[in-house]
Amino acid sequence: MRIARFSAAGSDPRYGVVEGAPGEEEILVVSGDPLFTPLNPTGERVPLADARLLAPVIPRSKVLGIGRNYADHAAELGNEVPAEPLVFTVPNTSVAGPGDPLPIPGWAGEELHYEGELAVVIRRLCKDVPRERVGEVVFGYTVANDVTARSLQKSDGQWWRAKGADGFTPLGPWIETDLDPADLRIVTRLADGPAEEGGVVQDGRTSSMVHDVPSIIAHVSRAMTLLPGDVVLTGTPAGVGPVRAGQRVDVEVEGIGTLSTPFTAPQD
Ligand code: MG
């Protein structure tokens, strides 16, 4: 099931289930937030084409990210693969929606990188989750672009703005609740303009993760209580690189969909 958060005709954000064949999808509107209330269809249907999709979840407490979780990506940046997951936090203000333009901050320098990733959305309050029970605490999966100011990531030491600046964590297009994350293809495309087809710059599989989803959730929940709506990014495969104003990055995760982010100049 695909759970979307959306706005139509300028309405406040609402939630719905996306159904239908590609190109003909409709949003079956539900009352309340499916993370906190049982699915209750209102009977209203909105064509997906008439809706503006929003970030499918706004984490109330945190986004956790995992660095260097694919050996080929660690190697391309000259890093070793960490024995334990390398965990970082970014604030919920870094979350943006599918299609939201991301103005490239002037302070980010030349090296603003895309990182296509699978993102885990937590279902319920949990702590010390054993590997074998991780499925019980996962609401679903979405697509993330873990946008990174690469030079500042090195020079700042802490990654607070290199990964946590406003808009640096686009999520979407929706949350897929019925998905096995063990072996999904992740493809990132970089396009020079809205009308142009993007070239493939990342093409990996989640089966190549150093620490898989159950290991990651078990690990982070040993130190931090996870809350409903918390998001855990799972790392990026090889092929990261710079994006400049005027380009669009499309991240596609098999079984979920495609997250598009147009990058713009700050004055746009
Ligand atoms: Mg990343």
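From a predicted model like this one, the values you see are computed outputs, not experimental measurements. Atoms within a ligand are numbered from 1 in the order they appear, just like the ligands themselves.
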Pairing donors with acceptors under 3.5 angstrom, does anything connect the side chains of [X] and [Y]?
| X | Y | value |
| --- | --- | --- |
| K163 | T148 | yes |
| N40 | S31 | yes |
| Q202 | T236 | yes |

Whether over 12 other heavy atoms sit under 6.0 Å from W160 CH2: no
N-O pairing of R60 and D230 below 4.0 Å: no
Co-members of V200 in a cluster of I, L, V, M, F, W and Y side chains, linked at under 4.5 Å: V187
Listed protein N/O/S atoms, distance to the Mg ion (ligand 1) under 2.8 Å: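 Less than 2.8 Å away from the Mg ion (ligand 1) sit E115 OE1, E117 OE2, D146 OD2.
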